[in-house]
2 protein chains.
Amino acid sequence: MDIRDVARRARVSTATVSRTVNQVATVDAQLAKRVWKAIAELGYYPNRQARALVSGRSRVFGLIVSEITNPFFPEIVQTFETLAVEQNYEILTTSTIHDPTRMELAVRRMIEGRVDGVAILTFGMEDELLEHLRFRNLPLVFVDVGPKAPRVSNIRVDYAHGIRQAVQHLAAMRHEHIGFVTGPLKLRSAVARKDAFEESMREIGLEVKPEFIVEGDHRLEGGKFAFQKLCKLREQPTALMCSNDMTAIGVMRQAFEFGIAVPQELSVVGFDDTRLADFMIPPLTTIQMSQTELATLAFNALLKEVKREGPAPNGTEYKLNTQLILRNSTTFPTNNNQVKSRVAPKRAAQAPPEDKA
Amino acid sequence: MDIRDVARRARVSTATVSRTVNQVATVDAQLAKRVWKAIAELGYYPNRQARALVSGRSRVFGLIVSEITNPFFPEIVQTFETLAVEQNYEILTTSTIHDPTRMELAVRRMIEGRVDGVAILTFGMEDELLEHLRFRNLPLVFVDVGPKAPRVSNIRVDYAHGIRQAVQHLAAMRHEHIGFVTGPLKLRSAVARKDAFEESMREIGLEVKPEFIVEGDHRLEGGKFAFQKLCKLREQPTALMCSNDMTAIGVMRQAFEFGIAVPQELSVVGFDDTRLADFMIPPLTTIQMSQTELATLAFNALLKEVKREGPAPNGTEYKLNTQLILRNSTTFPTNNNQVKSRVAPKRAAQAPPEDKA
DNA sequence: AGGGGCATGGTAAACGTTTACCTAAATCCC
DNA sequence: GGGATTTAGGTAAACGTTTACCATGCCCCT
């Protein structure tokens with residue numbers, strides 16, 4: 001069942017069928033009607049592969065994410081896909097789950113699939129891999145790529161802004177012992193967040209204690225383990241900032257299990273402002289990095305390059321800001337912010353929100 | 001840069017290049033080496049479209065989900081993709097977000113993309129759409145399709161089992177007023193869960209009060225609104241079962257805002273056992289529907305059909321069980337399970353886990 | 001030494017479209 | 001009314017692979 005069957009049945013040429021389907025030239029209303037009729041009767045669907053092969057454009061955008069399992073990404077995928085649908089594009093999504101092999105595979109898939117552009121939201125890509133992509137003169141948009149490569153678009157995220165706000169917020173409440181649970185430190189984005197934290201601390205004149213900085217994995221479990229680790233310390237932080245919301249949720253969960261009340265005994269702030277954040281108990285104070293905005297920026301960057309029709313993409317720099325969202329997981333530190341050893345679950349009083357400072 | 005460039009540079013024919021790349025026939029070690037060298041030097045990647053066009057197989061499986069934004073699905077997508085990678089397959093994922101237009105689009109994309117099979121995890125697909133798919137003699141695997149169609153595989157989920165367990169669990173703790181927050185009732189799966197609930201209640205001799213059953217949307221907000229609605233009732237349920245975990249989280253969040261303690265004043269049980277469930281505060285008692293198992297079942301069903309090589313797929317029935325996972329969001333009802341009007345946030349005592357019954 | 005069999009690699013057709021080019025008809029303008 | 005211009009639709013080449021078919025050369029056996 002191909003275009004020729006349709007042509008035969010409608011008693012026209014394949015060219016006419018193609019033209020009616022793609023509405024690329026005027027075709028007589030009579031003929032068009034016959035064509036559509038034949039298409040419906042036959043249940044004909046054009047073959048995308050053949051189409052792409054001859055036209056040289058696949059109408060597919062690739063989207064490489066770290067871990068679809070992290071709620072930060074589905075939100076992006078969703079709006080990316082919705083945007084794509086509007087433009088009659090398709091999305092080819094793959095997760096790299098921080099694995100070099102999977103990254104290579106992802107790149108290979110994109111190139112072999114001859115996608116028209118790719119958005120890369122996984123933050124630890126090797127430069128050499130990137131080179132393979134650039135070599136094809138594909139429109140590329142990165143979030144936070146390290147080296148500033150020519151001809152690729154970039155969405156630079158201003159982590160520092162939101163993080164500085166958070167540190168100031170905490171400091172304003174007289175927190176002095178602030179810890180940080182990082183993401184996997186092989187990711188540039190995780191390192192950037194951690195650096196911004198340290199920077200902000202120094203800026204404000206607070207000491208950053210190395211033992212208060214522990215590595216997580218941007219997953220729930222990582223937050224949990226990190227907090228366990230922190231709990232073994234002699235002196236403990238009264239506030240904990242986390243490299244993403246999942247980490248913060250893991251921290252809060254472990255605190256709950258240890259009978260440590262959030263925010264009374266421990267303030268925690270997340271990062272990303274995923275949809276979940278506002279649904280945590282207590283609602284999570286976090287730093288927003290708008291997922292819809294990010295997705296829209298990325299998609300439009302790609303679309304723009306694709307429409308430009310030049311031999312090679314242009315590359316543009318975009319900016320995405322971050323900003324503190326106050327909810328109820330932070331408050332003033334209690335006085336006895338000393339040794340709080342790992343205890344069996346104990347009764348913890350739940351208190352009403354008090355900050356909104 | 002195509003196979004001919006490689007052939008020229010390696011001084012062999014395109015056939016030889018193809019054969020080396022696909023390892024489909026023995027080729028002389030010397031030649032093969034030359035070919036690989038040429039490929040590396042040129043940065044050649046085969047064109048998937050051309051490949052698919054001539055071979056008739058795209059090595060792509062489609063995956064249609066409801067809402068990637070619901071954490072139930074990313075988990076499935078992840079394991080589906082991992083399985084696919086192992087078999088050198090690709091995944092084309094699309095969300096329908098319960099929208100008929102998007103469903104039609106999804107189906108169209110699958111057919112036009114000439115995928116080798118599709119797994120459908122969106123639960124409200126029209127039969128007519130399904131017919132389009134079946135007509136192409138594509139391997140198809142549904143989760144919970146209503147009418148039992150020939151030649152399509154099905155994964156039947158035994159919702160009743162887990163739900164009965166939950167109802168019994170609640171009843172054993174002397175809950176008598178049990179409510180249910182459904183999913184969107186245009187979804188078969190949502191209806192099935194609700195029906196199973198009512199059935200179980202009757203079975204055990206508990207009254208199901210129509211006003212205790214309120215429709216949600218399988219999202220966080222739906223749970224929140226549903227609980228608000230419930231709170232306006234004169235008499236209120238002491239336990240609430242939810243059609244999925246997101247709904248349960250929404251309910252708990254609203255309860256928190258109203259100062260109603262979970263589980264002391266309200267027991268809640270979820271459905272799905274998403275990864276998040278164990279990280280809620282309190283950890284959510286829920287009904288497990290294994291996402292990895294589901295994904296594996298679906299993937300293997302497709303793979304099996306694809307390997308069968310017959311003219312039309314065969315269709316197999318699979319079973320997936322559900323089962324209650326006890327955590328800490330349920331306990332005995334307090335005595336005064338009467339009017340509990342919507343109150344301003346009040347102090348709510350947090351209690352240690354007590355069930356594990 | 002000659003012939004059969006096998007291993008290897010080349011030639012070219014085919015996959016299902018789009019589109020450049022061409023032809024024929026219709027329209028327009030003076 | 002006739003040439004110029006526009007419009008509609010057909011013919012066939014091209015896209016980049018895989019693979020059926022064929023040719024060649026080598027080995028082995030008698």
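All heavy atoms count here, side chains included; hydrogens, waters and symmetry mates do not. The sequence lines fix the lettering, A, B, ..., with proteins before strands; numbering per chain opens at 1. These numbers come from a predicted model, not from an experiment.
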Taking only residues two or more places apart in sequence, or in another chain, which ones meet B:Arg51 in a salt bridge (Lys or Arg N to Asp or Glu O under 4.0 Å)?
none

Any residue meeting salt bridge (Lys or Arg N to Asp or Glu O under 4.0 Å) with A:Arg136, in chain and number order, not counting sequence neighbours:
none

Treating primed atoms plus P, OP1 and OP2 as sugar-phosphate and everything else as base, which nucleotides of nucleotides 12-22 of chain C get B, S or - for protein heavy atoms under 4.0 Å?
B-BBBBBB---

Listed partners of B:Phe299 passing ring pair (Phe, Tyr, Trp, His ring centres under 6.0 Å), at least two apart
B:Phe61, B:Phe80

With sequence neighbours excluded, residues passing ring pair (Phe, Tyr, Trp, His ring centres under 6.0 Å) with B:Phe72
none

Checking B:Arg109, B:Met110, B:Glu112 against A:Tyr45 for side chain to side chain contact (heavy atoms under 4.5 Å, CB included), the one that qualifies is B:Glu112

Answer yes or no: are there more than 12 heavy-atom neighbours, outside A:Glu104 itself, under 6.0 Å from its atom CD?
no

Which residues pass the salt bridge (Lys or Arg N to Asp or Glu O under 4.0 Å) test with B:Glu293, sequence neighbours left out?
none

Suppose the criterion is salt bridge (Lys or Arg N to Asp or Glu O under 4.0 Å): which pairs have a residue in residues 294-306 of chain B, not counting sequence neighbours?
B:Glu305-B:Arg308

Please tabulate the protein-to-nucleotide N/O contacts below 3.5 Å involving nucleotides 26-28 of chain C, giving atom names and distances.
none

Which pairs count as side chain to side chain donor-acceptor pair (under 3.5 Å) when at least one residue sits in residues 23-35 of chain A, sequence neighbours excluded?
none

Roughly how bent is the helix from C:dA1-D:dT30 to C:dC30-D:dG1 end to end, in steps of 10 degrees, with each end axis from five pairs?
40°

Short N-O contact, A:Asp144 and A:Arg188, less than 4.0 angstrom
no

Side chain of B:Arg4, backbone of B:Thr14: donor and acceptor closer than 3.5 Å?
no

So, with a heavy-atom separation below 4.0 Å from DNA chain D, the residues of residues 26-34 of chain A are A:Thr26, A:Val27, A:Asp28, A:Leu31

What pairs with B:Asp99 under salt bridge (Lys or Arg N to Asp or Glu O under 4.0 Å), at least two apart in sequence or on another chain?
none

B:Arg11 has an atom CZ; how far is it from atom P of C:dG10, in whole Å?
11 Å

